[in-house]
Amino acid sequence: MDTDERLELATRNTAEVVEESELETLFAEGDPSVYIGYAPTGEMHIGHFTTMRKLADFLGAGMDVTVLIADLHAHLDDNKSPFDLLEARSEYYEETIEAMIDAAGADADRISFVRGRDFELDPDYALELLRMAAETTLSRARRAGSEVVRESDSPKLGGLLYPLMQTLDVDALDADVAYGGIDQRGIYMLSRELLPEHGGESPVCVFAPLLSGLSGGKMSASDESSKVNLNDSRDEVVEKIEAAYCPAGEREDNGVLEYLEYLVFPILDERGEDLVIERPEEYGGDLTYGNYDDLEADFLSGELHPADLKPAAGEAISEIVDPIRERLNDQPELLREAYPETDD
RNA sequence: CCGCCCUUAGCUCAGACUGGUAGAGCAGUCGACUGUAGAUCGACUUGUCCCCCGUUCAAAUCGGGGAGGGCGGACCA
């Protein structure tokens, strides 16, 4: 596989790459390392899943992939996870991420898992954190984390340490590439600025798109109807897609289309399968799509109606989520211990 | 260590001074209309009023105590 092919694989289906030329250089020189961090806070959902397929691409491009379970970050971000639950939630995240990686068609055994606590308490790390804290203004830290760290009436210092620690994580994990949702952009731009002054190098940043919510607008982790959960039953998934905002012929804020583009088709493509849409004869009969672009073209032209698309999309999505739900259901203690109050 | 302020529906809050067992907006649910959803109409639901004790025929409301949160002052070898 030549450099161009590796670059194409590593950058497809992304929201932004900063800077692509730097990534090209990395590929030309060897096998770059990439990491993505997840803070084990609330239950994982389909939004997390969209970042997984990309990990398979990275492996395919010959990169070393590390997944960071950022336990301390989960607590620092406005106490999203109570300190006492960090271990249980980390276990749940790790297991669920492995399940998603498998479901996305990648080999989880080729990915290294690391906990934040394993290195974020090292003296050298702590010292550099304090030095950064001495040099970074409150407003700069706030701005960097504004898309990630939860807004609160009583903001804690932890939320300001958060972006600095994430910056140090890049260096500590020896990552050439930082990968994450586009919401992480503010933090990694700070990283690119600070790291060279702190004994590191500016990471190349690869950002995944954030999916729109199913009820229009942004997806909200706290709004059940705006997202598909990994342990939603087949019926629940289908119901949520049926109820989703999906104006005929429109792409904007259309979560159903985005799920198909970033979740369903990348995985169908990996399996070499098509998406079959059943449609009553009176509307023209069944349709078959081998790629997203053709489907979108038909949807935008009005050839493909939302009422026909939705049931097929719902089935396809639930089929992808199936193995993850089963794996979680086989280990009910994972969720029970990670979310003692909310689990049912 | 001292002082002041806040805590009412899922959310933002009103009601407290002048006690009569609670309201608005948004959200949500259900219908109508669309070959989906949304929008739009129509209907409906929602509460340990932070906790405890007391005064009273009656306490979200008054008094005392407590918890949680916020702000300020003081101290500073």
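The separation of B:rG72 from B:rU29, taken at their C1' atoms, amounts to 46 Å, rounded to a whole angstrom. Straight-line distance between the C1' atoms of B:rU45 and B:rA24: roughly 16 Å, to the nearest whole Å. The same atom, P, is picked in B:rA60 and in B:rG54; the two are 15 Å apart, to the nearest Å. Only the P atoms considered, B:rA9 is 30 Å distant from B:rG3, to the nearest whole Å. B:rC62 and B:rA16 are spaced 10 Å apart, taking the C1' atom of each and rounding to whole Å. Taking atom C1' in both B:rG10 and B:rA32, the straight-line distance is 27 Å, to the nearest Å. Rounded to a whole angstrom, the distance from the P atom of B:rA43 to that of B:rG15 is 28 Å. Taking atom C1' on both nucleotides, B:rU7 is separated from B:rA14 by 15 Å, rounded to a whole Å.
Regarding A:E250, its CD atom lies at a distance of 20 Å from the P atom of B:rU34, rounded to whole Å. Regarding A:L214, its CG atom lies at a distance of 14 Å from the P atom of B:rG28, rounded to whole Å. Between the NZ atom of A:K156 and the C1' atom of B:rG70 there is a distance of 10 Å, rounded to whole Å. If you take NE2 of A:H305 and C1' of B:rU36, they are 6 Å apart, rounded to a whole angstrom. The distance between atom CG of A:L304 and atom P of B:rU36, rounded to the nearest whole Å, is 14 Å. Rounded to an integer number of Å, the gap from A:D78 CG to B:rG69 P is 13 Å. Whole-Å rounding puts the A:I241 CD1 to B:rU36 P distance at 17 Å. B:rA37 atom P lies 13 Å from atom CD of A:E239, rounded to whole Å.
Across every strand in view, B:rG72 sits in a pair with B:rC2 that passes the Watson-Crick or G-U test at under 3.5 angstrom. With both pairing distances under 3.5 Å, B:rA77 is matched to nothing as a Watson-Crick or G-U wobble pair. B:rC13 is paired with B:rG23 under the criterion used here, namely a Watson-Crick or G-U wobble arrangement in which both key atom distances are under 3.5 Å. In a base pair of the Watson-Crick type (N1 to N3 plus N6-O4 or O6-N4) or a G-U wobble (N1-O2 and O6-N3), with each distance short of 3.5 Å, B:rA67 is matched with B:rU7. The pairing partner recorded for B:rA32 is B:rU40, the criterion being a Watson-Crick or G-U wobble arrangement whose two distances lie under 3.5 angstrom. Nucleotide B:rU18: unpaired (no Watson-Crick or G-U wobble partner with both distances less than 3.5 Å). Pair check for B:rU48 finds none; no Watson-Crick or G-U wobble contact set falls under 3.5 Å.
The aromatic ring centres of A:Y179 and A:F58 sit less than 6.0 Å apart.
Checking A:Y245 against A:D223, the closest nucleotide of RNA chain B that is more toward the 5' end is the one next to A:D223. Residue order along RNA chain B, read from the 5' end via each residue's closest nucleotide, puts A:K310 first among A:K310 and A:S154.
In the displayed structure, A:F113 atom CZ is contacted under 6.0 Å by more than 12 heavy atoms of other residues, nucleotides or ligands.
At a threshold of 4.5 Å between non-hydrogen side-chain atoms, the residues A:E197 and A:M132 do not count as touching. Here the side chains of A:E87 and A:R115 are in contact, with some heavy-atom distance below 4.5 Å.
Judged by distance alone, with hydrogens and angles left aside, the side-chain atoms of A:S226 form a donor-acceptor pair with the main-chain N or O of A:S220 at under 3.5 Å.
Looking at the side chain of A:P306, the nearest of the listed nucleotides B:rG70, B:rG35, B:rU36 is B:rU36.
Between A:R117 and the choices A:D71, A:D122, A:D169, the salt bridge (charged side-chain N to carboxylate O under 4.0 Å, His left out) rule is met once, by A:D71.
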